[in-house]
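Comments concern the structure below.
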Amino acid sequence: MRAELFSLRLPKLISEATILSLLLFANFATAEQGDGSFRFEYQYVKTGDFDSSIGPLDIGETDAHVFMFSGSYQLSERWSVAASLPWIKKRHQGALPHNPALELTEYPEADQSLIDDGNFHSDWEDLYINVSYAAYMGERWTISPFIAVGVPTNDYPFYGHAAVGRNIWHLPVGTAFSFKPYFSDISFSGDIAYVFSEKSLGVNIDHWLINLDLSYYLTRGFAPRVFVSIKHSNQGLSFPDDFDVTALNDINWYFHDRTIKHNFVNAGIGFDWFLDEKYLLSASAFTMVDPDQVNTIDYGLSLGFTRYFSGR
């Protein structure tokens, strides 16, 4: 029996550039307690200009290697839990590196870690834990509300283009769904979540996160797919509108990665290949088609391997 999939894509912020890491759940037609999966995924993400309110700004480029570990476990026929944890290796090269020792002399309490030195720096980023309830499991539709929490694994530096993240907590609340028309090899899935986020300096950066995925099964085990990921908020700050560019040497500038809104639309293509009922090989390529207050992703590549197990 082929496993039909739906996915919850949780946001992983790498400095001003956002990548989406897949947290996959096997949604068997007859899911039972003890079913689950373990997944390893590698991603490479390259970013370029920062999309500001006055146009693209050359701030150099970043290269990020992401090693994502994730897994899921079926607590009962309807309840499941999942977790993901990325290890990220990243560097910044080119124009306008951040050096806190030189740029934040008016705010000496700032972390003085220099990570924009042209070298790779690595760290564990944020641990995400998700609980999902299969509210409806029909012949064509599945609907699964979920709640997740993402917390930094350590006090990693967030000031710098090479930072692995913003070092704040997130709380996504939403619903995942899948739909397969009668007499069709097409499968449509997605999720929508409102993400509550930790405030910095009182700035609200809560946002919507939407992921849509369309797959076509050429065979019972091989499915090319196209996907779109959207992050949107009317909240959060914009650069340079909300900053005093004549005095970027204070607490507001130190926290700018935490307070800027970082909206985007990503689009990509990929495939899922079930080697058998226990093993899934996935790959994708994507780019940022509509950046807004974020480092533009020139391109991203991913390769993932999932191992399913059964409690039967």
Side-chain angles (χ1 to χ4, degrees), residues 7-23 45 47-57 59 62 64 84 86 125-130 145-152 158-159 161 163-177 190-213 227-245 251-268 286-297 300:
S7 60
L8 166 64
R9 294 168 176 82
L10 298 177
K12 304 295 176 186
L13 188 74
I14 300 183
S15 185
E16 295 171 349
T18 303
I19 65 170
L20 297 179
S21 299
L22 302 184
L23 187 57
V45 180
T47 72
D49 292 346
F50 177 80
D51 186 83
S52 75
S53 55
I54 59 173
L57 302 177
I59 60 170
T62 67
S84 67
E125 199 213 22
D126 301 343
L127 172 66
Y128 273 84
I129 298 176
N130 175 88
F146 62 83
I147 184 171
V149 61
V151 293
F158 59 85
Y159 185 82
H161 303 300
V164 300
R166 287 197 282 184
N167 199 347
I168 57 176
W169 57 259
H170 297 281
L171 184 70
V173 180
T175 299
F177 64 89
D191 52 77
I192 179 170
Y194 190 77
V195 183
F196 300 92
S197 300
E198 180 181 349
K199 294 181 180 180
S200 297
L201 305 181
V203 177
N204 188 341
I205 58 168
D206 296 349
H207 56 273
W208 288 97
L209 188 64
I210 302 170
N211 302 284
L212 303 174
D213 190 301
F227 58 89
V228 175
S229 300
I230 303 167
K231 178 178 178 285
H232 178 75
S233 175
N234 291 322
Q235 305 173 115
L237 303 185
S238 296
F239 183 84
D241 300 354
D242 298 318
F243 295 87
D244 181 1
V245 296
I251 187 174
N252 295 307
W253 184 242
Y254 177 54
F255 283 100
H256 73 273
D257 272 336
R258 288 183 167 185
T259 57
I260 291 177
K261 61 181 64 175
H262 302 290
N263 290 336
F264 63 83
V265 178
N266 289 343
F286 63 93
T287 188
M288 189 174 287
V289 296
D290 186 17
D292 176 24
Q293 296 293 318
V294 68
N295 279 16
T296 302
I297 294 179

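Rounding to the nearest 0.5 Å places NZ of Lys199 at 15.0 Å from CZ of Arg258. Distance CG/Asp241 to CZ/Phe243: 10.0 Å, rounded to 0.5 Å. Within the model, atoms CZ of Phe227 and CG of Asn211 stand 9.5 Å from one another, a figure rounded to the nearest 0.5 Å. The line from CD1 of Ile147 to CD1 of Ile129 is 12.0 Å long, rounded to the nearest 0.5 Å. Separating the OG atom in Ser200 from the CD1 atom in Ile205 is a distance of 6.5 Å, to the nearest 0.5 Å. Distance CG/Asn295 to NE2/His262: 8.5 Å, rounded to 0.5 Å.
Counting heavy atoms from C-beta on, the side chains of His207 and Tyr194 never come closer than 4.5 Å. Contact of the Asn263 side chain with the Ser233 side chain is registered, since non-hydrogen atoms from C-beta on lie closer than 4.5 Å. Looking only at side-chain heavy atoms (C-beta outward), Trp208 and Ile192 come within less than 4.5 Å of each other. Between Leu209 and Pro172, every side-chain heavy-atom pair lies at or beyond the 4.5 Å cut-off. Inter-residue side-chain proximity for Asp242 and Thr259 is flagged as unmet; no heavy-atom pair is nearer than 4.5 Å. The shortest distance between side-chain heavy atoms of Phe255 and Leu237 does not fall below 4.5 Å. Side-chain atoms of Met288 and Val294, non-hydrogen and from C-beta on, do get closer than 4.5 Å to each other. For the pair Phe264 and Ile297, the minimum side-chain heavy-atom distance is 4.5 Å or more.
Taking each heavy atom of Gly165 and Phe158 in turn, the nearest pair found is O-CB, 3.5 Å. Contact between Ile59 and Gly48 at its shortest, heavy atoms only, is CG1-O, 4.2 Å. Shown here for Ala176 and Asp191, the closest heavy-atom pair between the two residues is CA-CB, 3.8 Å. Pairing each heavy atom of Val203 with each of Gly236, the nearest pair is CG1-CA, 4.1 Å.
Panel note: side chain Lys231, backbone Lys261; a donor-acceptor pair is recorded below 3.5 Å. Between the side chain of Asp206 and the backbone N or O of Ser197, at least one donor-acceptor pair lies under 3.5 Å. When atom types are taken as modelled, the side chain of Glu198 and the backbone of Trp169 share a donor-acceptor pair closer than 3.5 angstrom.
Classification of the Tyr159-His256 ring pair by plane angle, with boundaries at 30° and 60°, yields perpendicular. By the 30° and 60° cut-offs, the orientation of the rings of Tyr128 relative to His170 is parallel.
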Discussion item. What verdict does the side-chain contact (heavy atoms from CB on, under 4.5 Å) test give for Val45 and Phe286, after you've listed the backbone C-alpha separation in whole Å, the side-chain angles of each residue and the deciding distance to 0.1 Å?
Written reply: CA-CA 9 Å; Val45 180; Phe286 63 93; 4.3 Å; yes

